[in-house]
Every structure is written in C-alpha cells, then in structure tokens.
Chemist: 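Once you've had a glance at the structure underneath, I'll fire off some questions.
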Amino acid sequence: MSSANQARVKNRAPAPIQISAEQILREAAERQEQHILDPIVKIHDAEEYQSHLRDRRKHFEDNIRYRREHIGNWVKYARFEEDNREFERARSVFERSLEVDVRNPELWLRYAELEMRNEFINRARNVLDRGVQLLPRVDFLWYKYVYVEEMVGDIPKCRAVFERWMEWMPDDNAWMSYARFEGRGGHWDQAKVIMKRYANTYPSTRSFMRFAKWAEYEAKDIDLARTVYESSLVELEPEESRQARVFGRFSAFEERQGEYERARVIYKHAAKLFHLGQEPKKSAEGAEEEEVPQWEQDKRNELYQAYIAFEKKRGDKAGIEDIVITGQRAEYEKRVTADPTDYDAWFEYAKMEEENEDAMGQSSSSNNENKVREVYERAIGNVPPSMEDKQHWRRYIYLWIYYALYEEMRRHDLDRASKIYDACLDLIPHSKFSFSKIWINAAKLHIRRKDLVAARKLLGKAIGLCGKERVFTEYIALELALGEVDRCRSLYTNYLKAMPHNCRAWSKYADLEKSVGETERCRAIYELAVSQSALDMPEMLWKNFIDFEIDEGEGDNARALYERLLEKTGHVKVWISFSQFEGTEVGKGIDTARETFKRAHDQMKDAGMKEERVLLLDAWRVFEKTKGDAQSLANVDGMLPRRVKRKRMRTDENGAELGWEEYFDYHFPNDEDSNAGNLKILEMAAKWKQAQQEDSSSSEEEDSDDE
C-alpha cells in the first residue's frame, strides 16, 4: 500500500518550468561520457604473450567468480582458449561449466561444436553421446549427433543413433528425418518400414497424412500412398477418420493422379457424410445432433468449395449446376427461415431459381418451373405484420410484381399473371393506402392481352380507390394514344376536380387543347387555372399562359397578363421578362421596353430593393448591349451602383447582440439617403489624398531640376 501511494501522482498541475524533449536530448548528448577504447596490445616475445594470456585468464576467472551461473562467461572463456589453440584448457572450461549446469543443452551443443570445428570427431561423438544420454528429450542434440555420423559417412552408426532416438518416441519430424536419411541412402524399403512404424506408433490423422504425402512426393510410390489414404478411413478411430481434411487430401490425390471418377466418389461420399452445403440437422429439442468445432466446420466449407471447383473443371453442366444450386438453396433457406419477412432474401432466392431455369435451357423440366413458382408463392404468403403502416408494404408488393412478370415474360402465361395482379389488389387495404404501380401494371397487362374494356374498368376503379396523380396521367396517356380526345377531356376534368392545385395538370390540359387547335378552350383553361386560390407552382402556370399568348401572336393579351401578374407579385424576374417581351417583335418596341425597365427600376427604388435593382440593371445593360446604342448603354452604366463594405450588429432570435459583422451594400448614384454625406466625405478624402500625392511628386521633380 505504501509503495502504491508513493507512486501515485497527486499534483497534476503543469510544472512551473517546462522542459521540451529537444532540450532533454541535447543535455543527454552533452553529458554523455566519451567511449574509452581498450588499449592495443602489441606482443613482441613469448614472455609477453604468456603475460597477456595470464591477464586475460584472470579476467575471465574473475567474471566466472562474480557470475558463476552465467553461461555466456564460460562460452567466451572457452572460445578464447580455442582461439589460442589451447584445446585442453577449452575442454576444461566446458567441463567446469557442465559441473555448474549439467542439464543445459546449449552448453553440450557448444562443447560438441568446439570439437567438430577442430576436427576432433571422436571427442565430438563422446560429447554428444553423453549429452543425449543425459538429455534424451532434447531433439537438437540428436539432430546434431546423426548429422555428425552421416557427414563422416558412418551409415551403420548413424542408423544405430536413429534407433536409439526412436526408442524415446520423439515427434513427427524425427521419424520423417529417419525416413529421409534412409531415402538419401537409397534404402527405400527400410524407409517405408520406418514410416509404417511411425504411423503405428502415432495412429492419428496427422501421421497418416504425412505418411501418404511422403509416399507420393518422396518415395514416388502411388500405390502405397493410395493404400495409406484408404487405411486412414478404415483403421483410424471415427473421431480421427471423419475429418474433412482426410477426404479433401484423398480426393485431391486422386485428382492429381487423373483418377477423376474415384475423386468424384470420394467427394460425394464426403458430401453425404458431412451434409455439405446444407444446414446442420437439429434434434427435436432444437440442439444440433453433432457438435462440430469451428475449425472443422471451416474445413468442411473448404471441402465443399473444392468439390464445386472439381465439378467445374471435370464435371458436366448438370453436375456443376446441381452442386452450386444446392449450396445456394441451403443458404437462402437459412435466411428466410430466420426472418420470413426478409424480402431481399426472397428476391435473391427467386432470382437464383430463375437463373437456374434459364441455364438449364431446353432441358428445363416442369420441376424447375414449379420450384420458381413455389418460391414466389412462399414469399407472397409472408404478408407484412402491420396493415396500417405502408412502409412495410413497399418491398412486399414487388414480390407480386416480379411474380407476375415472371409468368408473363418467362412462362408466357398472361392469364395467370392477370390473376396474380388481381390477388394482389384484393390483398392491399385500399382504405388505408394503395399503390399506383400495381393498378398501372395490371391495366397495361390487360392492354397486352388486348382487353381494352378491362383495362379501362381497372383504371376507373383505381381512380376511385387510389386517386393518385400517376393513375390519371397513365390513363390519359392511354386514351390519348388511342385518339380519344373526349375521354381525355373527361379524365382531365376529374383530375382537376381531385387536384385543383396541380399546375402541371392544368398545363397539360391546356397543351391538349392547343394540340387539337382549340385555342379558345386552351385560353379558357388557363384563365380558370390562374383564378385558382391555391396553386403549387403558379410561376410555371403564368409562364406557360404568357408563352401561349406570345406563340399565338396576341401581344396585347400577353401584356395584360404581365400587368395582372405584376399586381400579384413584383418579382424582379417578372419585370425583366416583361421588359424583354416588349423588345421583341410581338411587343411595342425598344422604347417601350426601356420605359418598362425604368418603371420597374423606380418601383424597386421606392421599395428599397437594392439586390433586385442590381439584377434588373444587369439585365437592362445586357438588353442595351444587344439592341440599344452607345448613349443608352452609357445611361444604364451611369445607373449601376458601387459596392460598399459596411458593418452591422448581429443579433440572435431574442435580440441579444452577438457582435459586429461585415456585409456588402450598394450605393446608387441617384439615391439621396442618410449615408450620402458619409460617402461624400470619403470621396473628398480620396481627392485630398490624390492631391497630396501630386504635390509631393511635383516637389521631388523641382528638387531634381535644381541639382
């Protein structure tokens, strides 16, 4: 507790003197002690050499005395004696170190390497023999021992060392090393016997798989490898043999050997045994019958993917499609079972079945057709839970649409598609909400069936139950395509009764009358439209009305419409359009256009609309550039304002001051406001400054002349 309290920092305030990292590094570099190199010793005779050896040995002995258990000191000491060709002393150092830590395998290895470097082979053998007797579970001592015997060419003794090693039941790599040693010597029969001993000693999937791989790649004995694979499926315990990697490697082996039918049989057996591509079966209580660990499940998935790849390379089209579709069906079944209202999963499921049916082509049987219909029937059976919320139905109705399109486009069964639309319309609660696309698609289907009467009845019913704008537009487009103008007029009348505020409907009705040459009816429709109290886009309606009068050459009517529009709104765009109209051939001419521009400018000036005046003057200037002369353009340029930067207090919603902000204001030449005096003072100050600069430049010129 005391040490914890002492380590806790209580005062977290910044230190009064801050020290940067750069300062710390600089001070550390300045205070670093200079590295002292060891003196160079030059030896001139044997006496000095012996004296040097005594000093170095005393140094090593002191280090050993200080840290007797540190192995590095012993190794350095022995290396020093070896460098000076004092082999007996080096051996003595190692023997002394072994007395300190006799079970340190690193010491035995260094000791043996000392003898091997100096070609004392028998001594190295003795050291390694002592080491493996004392530490028989340390593999690298055995590896070094057999390496020494093989390098000197003593094969019987090397084999004897391996046999001694195998008595201790080492790991897999030791057995593989023994077999490869016999293989390097050309004794393949003995190597096979060793691998069989290895498989019998460790009867596991790992040992059998390594045995089979060794037989295939190193021993080149295909029959032996096949026998090992078959034995792994028969002789091993069920928990060992029923592993996906066994079947995967066995089938891959047969495929490499060109035995494709054998590989297919293995894959099919594994698929049946492990239920590849399917969900794990569950018992009645809901628990899985076989608990499969995750790593084994991953291996089974890899085996299934390998099966698919094999069928793609070696199988026929039917086999490939069957294996792929089976897995995809299992995945989609899992998704739709978990959430029946996951309509995206149903879409993908049905699309997959349709693509499978197309891929089968002429060989597509009624079974495939029934699968597609079964998926759609199951999908549309999952009605959204809420009959009040339309949001849940937005994706659901597309199942009906795709189902009907499938029957019409793929199966060419128009009657069944019509029944699907009728069933969908009966299911939708039209008193709560409806979908115009269902009505329209059903009506268009009746038209493709050449049943115009049924299409008209359905669209009339849709107007009564749904009443959406799209239903009216599609019905009108149908009648217009048939040339039934009177029906179109009747539909537009009902359309505008239901939606009198819809400017688009008024414009299209007027365009219809204009297209059939009924100018007076078109004008009457526009008059009735602009007289409505509420419109969603009145500017579009007025513009179309004015454009209609201009197209008809009725300039007076267009002018009257502009005047009526200006009584409702004084928008700058209306004034600009009015002025530009007067400058056209239908208008009264350029002078009238200028008067209109002047009239608009005066009204906006009185209303204090500076931004709008700027827009108006810009449009006026463009007009004068196009149709005016230099004098008129100069007059308009003289009316253009100057932009001035000013400050104002910014406030919030409650009126509290938030601070000053800058903004741009416009100063028009002909305006007389409260800021005119300030602007005149600024102009006078600018003129005074310019005069001062001129006086200073003239005085400098006089001084230069005097010199």
Side-chain angles (χ1 to χ4, degrees), residues 91 94-95 98 101-229 231-232 235-236 240 249 253:
R91 294 188 189 102
F94 272 117
E95 293 293 342
L98 290 174
D101 189 0
V102 72
R103 307 192 67 83
N104 191 327
E106 189 69 23
L107 278 177
W108 289 103
L109 182 63
R110 295 296 184 90
Y111 194 1
E113 288 177 350
L114 165 69
E115 302 293 356
M116 292 170 61
R117 279 196 302 269
N118 297 281
E119 300 181 358
F120 299 116
I121 302 302
N122 290 328
R123 290 181 177 274
R125 285 173 173 168
N126 295 334
V127 172
L128 290 171
D129 191 79
R130 291 167 57 195
V132 298
Q133 286 183 1
L134 189 62
L135 303 171
R137 294 296 182 184
V138 180
D139 290 339
F140 65 80
L141 293 178
W142 288 104
Y143 281 120
K144 181 64 72 173
Y145 198 179
V146 297
Y147 170 75
V148 171
E149 298 296 347
E150 188 175 3
M151 286 299 102
V152 299
D154 196 347
I155 302 303
K157 190 169 183 60
C158 183
R159 186 178 292 114
V161 174
F162 267 118
E163 289 294 338
R164 288 175 56 193
W165 190 7
M166 297 304 110
E167 293 176 359
W168 289 96
M169 306 287 286
D171 61 0
D172 306 324
N173 294 325
W175 291 94
M176 296 298 297
S177 299
Y178 192 8
R180 286 167 182 163
F181 160 72
E182 295 292 353
R184 286 192 297 271
H187 308 292
W188 290 108
D189 293 336
Q190 296 183 12
K192 294 174 184 178
V193 172
I194 292 168
M195 292 304 296
K196 290 179 181 178
R197 289 171 54 194
Y198 162 55
N200 293 328
T201 304
Y202 298 104
S204 63
T205 303
R206 176 183 175 85
S207 62
F208 274 79
M209 293 302 101
R210 297 194 71 172
F211 187 8
K213 184 177 180 181
W214 175 86
E216 179 183 0
Y217 290 103
E218 298 186 26
K220 307 297 182 182
D221 192 342
I222 304 303
D223 295 334
L224 176 62
R226 183 176 289 113
T227 302
V228 173
Y229 279 120
S231 300
S232 65
E235 298 178 5
L236 293 178
E240 290 286 342
R249 294 189 181 184
F253 164 77

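Each residue takes its place number in the sequence, starting with 1.
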Chemist: Can a donor-acceptor pair be found, under 3.5 Å and without considering hydrogens, that links the side chain of Trp108 to the backbone of Leu128?
Modeler: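 No, the answer is negative, given that no donor and acceptor are paired below the 3.5 Å cut-off.
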Chemist: Which residue, Arg125, Lys144, Arg123, forms the side chain to side chain contact (heavy atoms under 4.5 Å, CB included) with Met116?
Modeler: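 Filter result, single survivor: Lys144.
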Chemist: Hey, are the side chains of Glu182 and Phe162 touching, using non-hydrogen atoms and a 4.5 Å cut-off?
Modeler: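 They are not in contact (no side-chain heavy atoms under 4.5 Å apart), so the answer is no.
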Chemist: Does Tyr111 reach the side chain of Glu95, with side-chain heavy atoms less than 4.5 Å apart?
Modeler: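 Tyr111 reaches Glu95 side chain to side chain.
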Chemist: Does Arg164 pair with Asp129 as a salt bridge, N-O distance under 4.0 Å?
Modeler: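 Result for this pair is yes, salt bridge flagged.
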Chemist: To the nearest 0.5 Å, how far apart are CG in Leu224 and CH2 in Trp214?
Modeler: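 One finds 7.0 Å between CG of Leu224 and CH2 of Trp214.
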Chemist: Hey, could you give me the OH/NZ distance between Tyr145 and Lys157, rounded to the nearest 0.5 Å?
Modeler: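 Tyr145 atom OH to Lys157 atom NZ measures 4.5 Å (nearest 0.5 Å).
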Chemist: So, does Ser232 use its side chain to make a donor-acceptor pair with the main chain of Phe208 at under 3.5 Å?
Modeler: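 No: the side chain of Ser232 does not pair with the backbone of Phe208.
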Chemist: Does Arg226 use its side chain to pair, donor to acceptor, with the backbone of Phe253 at less than 3.5 Å?
Modeler: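 Here the side-chain-to-backbone pair does not exist.
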Chemist: Would a 4.5 Å heavy-atom cut-off, applied to side chains only, mark Arg159 and Glu149 as touching?
Modeler: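 No, too far: nothing below the 4.5 Å cut-off.
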Chemist: Does the ring centre of Tyr143 sit less than 6.0 Å away from the ring centre of Trp165?
Modeler: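 They qualify: ring centres under 6.0 Å apart.
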Chemist: For Glu119, look at atom CD and say whether over 12 heavy atoms of other residues, nucleotides or ligands are found less than 6.0 Å away.
Modeler: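 Open.
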Chemist: Salt bridge (charged side-chain N to carboxylate O under 4.0 Å, His left out) with Arg103: which residues, sequence neighbours excluded?
Modeler: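 Counting only residues at least two positions away or on another chain, Arg103 forms no salt bridge (charged side-chain N to carboxylate O under 4.0 Å, His left out).
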Chemist: Using a strict cut-off of less than 4.0 Å between a Lys/Arg side-chain nitrogen and an Asp/Glu carboxylate oxygen, indicate whether Glu235 and Lys196 qualify as a salt bridge.
Modeler: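 A salt bridge is absent here (no side-chain N lies under 4.0 Å from a carboxylate O).
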Chemist: Please list, chain by chain and in numerical order, all residues satisfying salt bridge (charged side-chain N to carboxylate O under 4.0 Å, His left out) with Glu240, sequence neighbours excluded.
Modeler: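 Glu240 satisfies salt bridge (charged side-chain N to carboxylate O under 4.0 Å, His left out) with no residue once adjacent residues are dropped.
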Chemist: Cation-pi between Arg91 and Phe120: NZ/CZ under 6.0 Å from ring centre and within 45° of the ring axis?
Modeler: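 Relative to the ring axis of Phe120, which defines the angle, Arg91 lies inside both limits.
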Chemist: Quick one, Thr201 and Trp175 - any side-chain contact, counting heavy atoms below 4.5 Å?
Modeler: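 With C-beta onward as the side chain, the pair touches.
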